[in-house]
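Worksheet for the structure shown next.
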2 protein chains.
Amino acid sequence: MDTRTALLDSAERAARQRGFDAFSYADLARDVGIRKASIHYHFPLKADLAFGLIERYAARISERRAEIDREHQTAAGKLGAFLALYREALAEGTQLCLCVALSAGRDSLSPPVLEQLAEFHEDSAAWLEQVFTAAREDRSVIGLSDPQDEADALLALVEGAQLVARAAKDVTLFDRATAACRTRLAPTQLN
Amino acid sequence: MDTRTALLDSAERAARQRGFDAFSYADLARDVGIRKASIHYHFPLKADLAFGLIERYAARISERRAEIDREHQTAAGKLGAFLALYREALAEGTQLCLCVALSAGRDSLSPPVLEQLAEFHEDSAAWLEQVFTAAREDRSVIGLSDPQDEADALLALVEGAQLVARAAKDVTLFDRATAACRTRLAPTQLN
DNA sequence: GTCTATAGACTGATAGAC
DNA sequence: GTCTATCAGTCTATAGAC
């Protein structure tokens with residue numbers, strides 16, 4: 001595999017497990033099997049690494065959302081898949097999604113990275129709002145309120161659920177925290 | 001004021017704004033107006049400082065919950081006050097509550113601190129579960145599902161809402177994320 | 001592209017005077 | 001209790017050989 005990709009993979013794992021500031025080039029070097037000075041060839045500054053991380057992540061998730069749109073017709077189906085995406089990112093309760101991980105330690109991030117992070121967040125919220133708006137039509141979600149409020153609430157819920165589940169090292173906390181939400185989705189559209 | 005208290009105040013502010021690992025004894029010393037070596041007299045290890053922080057915080061919040069129980073009779077009133085507590089902790093979108101802040105960087109915390117943090121979280125969940133159970137009787141909250149699920153969901157929601165609101169430096173995101181939740185509370189009991 | 005070697009800054013923590 | 005002085009360890013980042 002490409003060294004750059006190996007570095008991104010290792011850095012993403014570390015950032016999601018322990019935080020972006022909690023791993024060093026020394027950790028990365030050990031993990032990938034090169035010397036730490038060599039990392040600077042691929043990512044001169046650690047800020048470049050952060051940017052590479054969020055850039056790749058945003059592209060990946062954007063693709064996943066398109067996939068969900070293709071595979072699910074109803075709003076309930078899409079929301080179920082969205083929840084599954086965040087649940088899946090938790091692994092066995094050891095990792096946050098990159099977005100939550102970077103948001104948590106945002107004080108040390110460079111402006112371009114913060115910008116990308118904000119943009120990613122807005123994209124997620126906009127997509128969800130659109131899904132909730134569609135839910136008004138297809139009636140696949142019960143108890144609907146304002147689509148924008150619903151979108152912000154669901155995003156906060158999954159991010160918070162990841163946080164508490166990892167804190168307790170217990171994935172089932174994520175499931176309990178999202179249980180009431182899932183019962184609002186029309187049962188035939190859960191997958 | 002007591003030096004120890006001044007140190008705890010400064011450390012709490014820093015931890016909630018930037019994370020526990022993102023401030024140093026040097027920062028604290030500058031802020032409080034003593035030399036950094038002197039801090040070690042009050043908190044020999046930084047782990048001792050973390051413990052002092054969470055200990056004081058747990059006691060404070062426990063007292064606040066008792067206050068809420070005294071001042072509000074209905075479940076809806078208590079939940080509204082609970083939401084206000086987390087909203088208030090956000091300040092102007094610059095600070096997380098200490099619980100979220102420490103949870104986010106939990107990898108560097110000592111076992112005793114992790115234990116206290118877990119205990120605090122369980123206490124919060126237990127209190128909420130009790131309130132949601134009471135809501136079944138007084139019917140002040142609409143659309144109730146399982147009390148434990150509701151408790152876990154609300155805790156995840158407020159923690160996630162804090163995270164996204166601070167990330168965007170926009171307190172109103174917290175309000176939007178919790179709007180749908182607030183409409184479930186009987187309107188006469190909002191305060 | 002990867003290496004050795006090193007710079008320069010900062011970290012938490014300690015010893016010992018006052 | 002607070003100070004000065006210092007330690008050993010870490011961090012990101014750079015210079016320059018191969």
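So you know, we letter chains A, B, ... as the sequences are listed, proteins then strands, and number each from 1.
Under the 3.5 Å distance criterion, with hydrogens and angles disregarded, a donor-acceptor pair is assigned to the side chains of Ser108(A) and Asp21(A). Checking Ser103(A) against Arg166(B) by side-chain atom types alone, no donor-acceptor pair falls below 3.5 Å.
Looking at Arg184(B), its side chain does come within 3.5 Å of a backbone N or O of Gly143(B) through a donor-acceptor pair. Side chain of Arg16(B) to main chain of Gln95(B): no donor-acceptor pair is present (N/O by atom type, distance under 3.5 Å, no hydrogens or angles).
Rounded to the nearest 0.5 Å, atoms CG (Asp152(B)) and CG (Asp146(B)) are 9.0 Å apart. The line from OG of Ser38(A) to CZ of Phe43(A) is 13.0 Å long, rounded to the nearest 0.5 Å.
Using a 4.0 Å cut-off, no side-chain N or O of Thr3(A) falls inside it from OP1 or OP2 of dG1(C). Taking side-chain N and O atoms only, Ser24(A) has a distance below 4.0 Å to OP1 or OP2 of dC11(D).
Geometric assessment of Lys78(B) against the ring of Phe132(B) yields a negative cation-pi assignment under the 6.0 Å and 45° thresholds. Because its NZ or CZ atom is both nearer than 6.0 Å to the ring centre of Phe23(A) and within 45° of the ring axis, Lys46(A) counts as a cation-pi partner of that residue.
Atom CG of Leu28(B) and atom P of dG1(D) are 18 Å apart (whole Å). One interatomic measurement links the two molecules: CG of Asp2(B) to P of dT2(D), which rounds to 9 Å at whole-angstrom precision. Atom P of nucleotide dG12(C) and atom CG of Leu109(B) are separated by 14 Å, given to the nearest angstrom. What separates OH of Tyr25(B) from P of dA9(C) is a distance of 25 Å, to the nearest Å.
DNA chain C lies under 4.0 Å from at least one heavy atom of each of the following residues of residues 39-52 of chain A: Tyr41(A), His42(A).
Rotation axes derived from the C1' atoms of the five outermost pairs at either end of the helix from dG1(C)-dC18(D) to dC18(C)-dG1(D) lie 0° apart, to the nearest 10°.
Aromatic ring pairs are classed by plane angle as parallel below 30°, tilted from 30° to 60° and perpendicular above 60°; the pair Tyr86(B) and Phe82(B) is tilted.
Within 6.0 Å of the CD atom in Glu63(B), the count of heavy atoms belonging to other residues, nucleotides or ligands exceeds 12.
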Sort me out a list of protein N/O and nucleotides 3-5 of chain D N/O pairs below 3.5 Å, or just none if empty.
residue: dC3(D); atom: OP2; partner: Arg35(B); partner atom: N; Å: 2.6
residue: dC3(D); atom: OP2; partner: Ser38(B); partner atom: OG; Å: 2.8
residue: dT4(D); atom: OP2; partner: Arg35(B); partner atom: NE; Å: 3.4
residue: dT4(D); atom: OP2; partner: Arg35(B); partner atom: NH1; Å: 3.4

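At a threshold of 4.5 Å between non-hydrogen side-chain atoms, the residues Arg87(B) and Val171(B) count as touching.
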